[in-house]
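Just so you know, these numbers use all the heavy atoms, side chains as well, and skip hydrogens, waters and symmetry mates. These numbers come from a predicted model, not from an experiment. We name chains A, B, ... by the order of the sequence lines, and we start the count at 1 in each one.
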There are 2 protein chains.
Amino acid sequence: MQAAREQFFNYLARKKLKFTSQRALIFDVFWTAENHVSPEELYGQVKEKDPSIGQATVYRTLKLLSDSTIAREVDFGDGVTRYEPHFGTSHHDHLICTRCGKSVEVIDEKIEKLQENLAAEHGFTLSGHSMYLYGECRHCKGKE
Amino acid sequence: MQAAREQFFNYLARKKLKFTSQRALIFDVFWTAENHVSPEELYGQVKEKDPSIGQATVYRTLKLLSDSTIAREVDFGDGVTRYEPHFGTSHHDHLICTRCGKSVEVIDEKIEKLQENLAAEHGFTLSGHSMYLYGECRHCKGKE
DNA sequence: AACTTAATGATATTGAATATCATTATTCGA
DNA sequence: TCGAATAATGATATTCAATATCATTAAGTT
Ligand SMILES: [Mn+2]
Ligand SMILES: [Mn+2]
Ligand SMILES: [Zn+2]
Ligand SMILES: [Zn+2]
């Protein structure tokens, strides 16, 4: 996806930050990596392409991607922060199997609307939310 | 609340665990502490009553309270796990001010129902969920 | 009281994430 | 195109919450 890469470039320019080869590589690997990748996982993949890259740079770049709304942080409650591509995708929440760890991206506009209303009832202006639904998937149900 | 204390006692007995003076003290302090306390905060309060108590015991006891459904873990996204009394209270979610950190307990049965449906549509049997709504409270809005 | 078993507290350790800092690379104006 | 200015990098140290280890102590049981 060239559009996302360009948005990253523009974001860096706007903030007077530099477009380095490391950031380019990390972006590319992130963009083609499987969804919901952790910094350590991504670091492993990036190192295969360029072993000289530092772990801290991966952490730093993921934060930049997050700040530029190209990526989004997700927390499945397993102790590590994960990142997913956000550019060109619409908001969604997650349904997670507590047995096998599989996650499904879900969205319910009615819920989104009710969240807004609920916040407004308490005088809050909603800026975001996190919602994770935990349960057993079709395949794990009834096992063991 | 004597009922919660008794439930804790029963839980320990059922699991063949011991009702120690430390657990009694930690329970009491937890029960009268302000809502959404972190282990470190609680440790500080417990130490005032008994300076010999170890930090690890506070962590361990909070986990026990959680396992016995007397307490519930909450995660406001600030890097520490917090605990709230759960015994005798009904399920609720949280609305959090991103400026002052104030939290409000909220519940919307329509949302709860829609979450069930959403999970079912994907073949999941829901066992729980976490939902946090972030925004600006009445008092922080328009400040600075 | 003796015995079995779990709990405790001090301490070390883990693991994710961030901070520090000397060196290197990028940007941009001359 | 060349520097000067400035940001980025990678190695490393550090932080912080949480857990593991383990010798000693205390509960529960007979
Ligand atoms: Mn997702
Ligand atoms: Mn609460
Ligand atoms: Zn599953
Ligand atoms: Zn506020």
Legend entry - Distance under 6.0 Å and angle within 45° of ring axis: B:K47 vs B:Y43: yes
Inset, instruction - Find the distance A:D50:CG to D:dT9:C1' and express it as a whole number of Å. - result: 11 Å
Inset, instruction - May I have the distance from B:Q22 (atom CD) to C:dT8 (atom P), rounded to whole angstrom? - result: 5 Å
Inset, instruction - Measure distances between side-chain N and O atoms of B:K16 and base N and O atoms of C:dT5, and say whether any donor-acceptor pair falls under 3.5 Å. - result: no
Inset, instruction - Using atom OH of B:Y11 as one end and atom P of C:dA7 as the other, report the distance to the nearest whole Å. - result: 11 Å
For residues 10-20 of chain B, which side-chain donor-acceptor pairs fall under 3.5 Å, sequence neighbours excluded?
residue, atom, partner, partner atom, Å
B:N10, ND2, B:E6, O, 3.4
B:T20, OG1, B:R23, N, 3.1

Legend entry - Whole angstrom value for the distance that separates P of C:dA16 from CZ of A:F76: 17 Å
Inset, instruction - Counting heavy atoms from C-beta on, name the nucleotide in C:dG9, D:dA8, D:dG10 closest to the side chain of B:R60. - result: C:dG9
Inset, instruction - Could you tell me whether A:R23 contacts a base, only the sugar-phosphate backbone, or nothing, with contacts defined as non-hydrogen atoms closer than 4.0 Å? - result: sugar-phosphate
Inset, instruction - Applying side-chain contact (heavy atoms from CB on, under 4.5 Å), run through B:E105 and B:H36 and close with a yes or a no. - result: CA-CA 11 Å; B:E105 307 192 330; B:H36 309 142; 3.1 Å; yes
Legend entry - Phosphate OP1/OP2 of C:dA16 contacted by A:T81 side-chain N/O (<4.0 Å): no
Inset, instruction - Let me know the distance between CD of B:E41 and C1' of D:dA17, rounded to the nearest Å. - result: 13 Å
Inset, instruction - In plain terms, say whether B:D28 and B:R5 are close enough for a salt bridge, that is, a side-chain N and a carboxylate O under 4.0 Å apart. - result: yes
Legend entry - Given D:dA11, C:dT5, C:dG9, the nucleotide with the shortest approach to the side chain of A:A56: D:dA11
Legend entry - Euclidean distance, atom CG of residue A:L12 to atom P of C:dT27 [Å, nearest integer]: 9 Å
Inset, instruction - Verify the neighbour count for atom NE2 of A:H91: are there more than 12 heavy atoms of other residues, nucleotides or ligands below 6.0 Å? - result: yes
Inset, instruction - Would you work out how much the helix from C:dA1-D:dT30 to C:dA30-D:dT1 bends between its ends, with each end axis defined by five base pairs, to 10 degrees? - result: 30°
Inset, instruction - For B:S38, report the nucleic acid contact type (base, sugar-phosphate, nothing); a contact means any heavy atom under 4.0 Å. - result: nothing
Inset, instruction - Using a cut-off of 6.0 Å, state whether more than 12 heavy atoms not belonging to A:Y132 lie near its atom OH. - result: yes
Legend entry - Carboxylate-amine/guanidinium proximity below 4.0 Å for B:R99 and B:E136: yes
Inset, instruction - To the nearest Å, give me how far apart CZ (B:R82) and P (D:dC16) are. - result: 15 Å
Legend entry - Between D:dT9 (C1') and A:Y59 (OH): distance, integer Å: 17 Å
Legend entry - B:V80, nearest nucleotide to its side chain (from D:dA17, D:dG28, C:dA19): D:dA17
Legend entry - Residue closer to the 5' end of DNA chain D, B:S21 versus A:Y43 (nearest nucleotide): A:Y43
Inset, instruction - Compare side-chain N and O positions of B:T20 against OP1 and OP2 of C:dA6 and report whether any pair is under 4.0 Å apart. - result: no
Inset, instruction - Just call it for B:K63: base, sugar-phosphate, or nothing, with non-hydrogen atoms closer than 4.0 Å on any strand. - result: sugar-phosphate
Legend entry - N or O in side chain of B:T57 less than 4.0 angstrom from C:dG9 OP1/OP2: yes
Inset, instruction - Decide side-chain contact (heavy atoms from CB on, under 4.5 Å) for B:S130 and A:Y134; before the verdict, give the C-alpha distance in whole Å, the side-chain angles of both, and the deciding distance to 0.1 Å. - result: CA-CA 8 Å; B:S130 77; A:Y134 296 97; 4.3 Å; yes
